[in-house]
Student: 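The structure under discussion is supplied below as structure tokens; questions concerning it will follow.
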Amino acid sequence: MHGCDKPKFTDVHRELRAFCDVQGHKAPTRSSVYNAAERVEVPMLRWDALPEAVQTSLYNLAADAPGDLVPGDQVVFHAFNYGAPRALSYASGLPWLCLVRADARRGWRPKSHALLRAVMRFRGL
């Protein structure tokens, strides 16, 4: 089975607790770790670094400058809803946070959303 790049929150909490013990700080609760993960910013992707198939799936966006940035969850959403197979393939390999945040977006086409969920299951998300 494919490895999962999403960390286990119990492992993250254990490491954070050990670090805080060494530093003499009070460790956060596990629920605080979950809440902090919800506030992490999704990775931004450079427009000019995206494959052409992905750029095409972002049909309602246009880059004004070569270095313009696009949120990773938006890339996933558009690639799965409107993209060609190459765009889907690219989006499937983006960091786990992009897929999880895209899954929470509104406006999914049912079959496209089902495909995203299948990719997420395969990746262990």
Side-chain angles (χ1 to χ4, degrees):
M1 176 147 194
H2 190 275
C4 179
D5 56 339
K6 180 181 179 184
K8 292 183 179 179
F9 284 100
T10 53
D11 294 342
V12 171
H13 184 250
R14 186 180 322 108
E15 288 181 35
L16 188 56
R17 194 174 59 234
F19 175 81
C20 289
D21 287 346
V22 169
Q23 298 296 320
H25 301 295
K26 183 180 175 188
T29 64
R30 193 175 339 173
S31 62
S32 294
V33 175
Y34 280 102
N35 290 334
E38 290 297 318
R39 292 188 305 270
V40 171
E41 290 187 27
V42 75
M44 301 294 282
L45 307 170
R46 284 178 52 115
W47 176 270
D48 56 353
L50 296 172
E52 186 178 337
V54 176
Q55 289 178 359
T56 302
S57 72
L58 295 164
Y59 68 93
N60 63 344
L61 295 177
D64 294 328
D68 282 352
L69 300 174
V70 182
D73 61 325
Q74 187 172 16
V75 169
V76 171
F77 178 82
H78 283 273
F80 274 84
N81 268 326
Y82 312 111
R86 288 181 190 230
L88 290 169
S89 177
Y90 178 85
S92 295
L94 287 176
W96 69 271
L97 188 58
C98 297
L99 276 68
V100 169
R101 294 280 173 83
D103 181 47
R105 282 178 166 263
R106 294 175 48 184
W108 279 96
R109 293 176 176 182
K111 289 181 181 178
S112 301
H113 202 192
L115 182 55
L116 171 68
R117 294 251 170 110
V119 168
M120 290 175 64
R121 266 193 309 277
F122 178 77
R123 288 185 54 183
L125 304 178

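Just the heavy atoms: all of them, side chains too, but no hydrogens, waters or symmetry mates, feed the values below.
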Student: For Val42 and Leu97, work out which heavy atoms get closest and say how close.
Tutor: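 Where Val42 meets Leu97 most closely, the heavy atoms are CA-CD2, 4.1 Å.
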Student: Do Phe77 and Arg101 make a side-chain contact, defined as non-hydrogen atoms from C-beta onward lying under 4.5 Å apart?
Tutor: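 They are not in side-chain contact.
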Student: State the CG-CZ distance between Asp68 and Arg46, to the nearest 0.5 angstrom.
Tutor: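 One finds 9.0 Å between CG of Asp68 and CZ of Arg46.
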Student: Report yes if some heavy atom in the side chain of Val54 is under 4.5 Å from a heavy atom in the side chain of Leu45; otherwise report no.
Tutor: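 Val54 does not reach Leu45 side chain to side chain.
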Student: Linking I/L/V/M/F/W/Y whenever their side-chain heavy atoms sit closer than 4.5 Å, directly or via other members, would Leu69 and Val40 fall into one cluster?
Tutor: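 Per the 4.5 Å side-chain linkage, Leu69 and Val40 are not co-clustered.
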Student: Okay, side chain of Ser89, backbone of Pro85: is any donor-acceptor separation there less than 3.5 Å?
Tutor: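 A pair under 3.5 Å: no.
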Student: Counting N and O atoms only, with roles assigned by atom type, does the side chain of Arg123 sit under 3.5 Å from a partner on the main chain of Ser92, one being a donor and the other an acceptor?
Tutor: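 Yes: the side chain of Arg123 pairs with the backbone of Ser92.
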Student: From Met44 CE over to Cys98 SG, what is the distance, rounded to the nearest 0.5 angstrom?
Tutor: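 The SG atom of Cys98 is 10.0 Å from CE of Met44, to the nearest 0.5 Å.
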Student: Looking at CH2 of Trp96 and CG of Leu99, how far apart are the two atoms once the value is rounded to the nearest 0.5 Å?
Tutor: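 With rounding to 0.5 Å, CH2 (Trp96) is 10.5 Å from CG (Leu99).
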Student: Roughly how far, to the nearest 0.5 Å, is CG of Asp73 from NE2 of His78?
Tutor: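 Atom-to-atom, His78:NE2 and Asp73:CG are 9.5 Å apart.
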Student: Donor-acceptor pair, distance only, cut-off 3.5 Å: does the side chain of Trp108 make one with the backbone of Ala102?
Tutor: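 Confirmed, Trp108 side chain pairs with Ala102 backbone.
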Student: Distance check, rounded to the nearest 0.5 Å: Asn81 atom CG versus Lys111 atom NZ?
Tutor: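 Rounded to the nearest 0.5 Å, the CG-NZ separation comes to 13.0 Å.
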Student: Do other residues, nucleotides or ligands put more than 12 heavy atoms under 6.0 Å from the CD atom of Glu52?
Tutor: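 It does not: Glu52 CD has 12 such atoms or fewer within range.
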Student: Can any side-chain N or O of Asp103 pair as donor or acceptor with the backbone N or O of Arg117 at less than 3.5 Å?
Tutor: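 Not a single qualifying donor-acceptor pair exists.
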Student: Nearest 0.5 Å, please: how far is CZ in Phe80 from CG in Leu88?
Tutor: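 Going from the CG atom of Leu88 to the CZ atom of Phe80 covers 5.5 Å.
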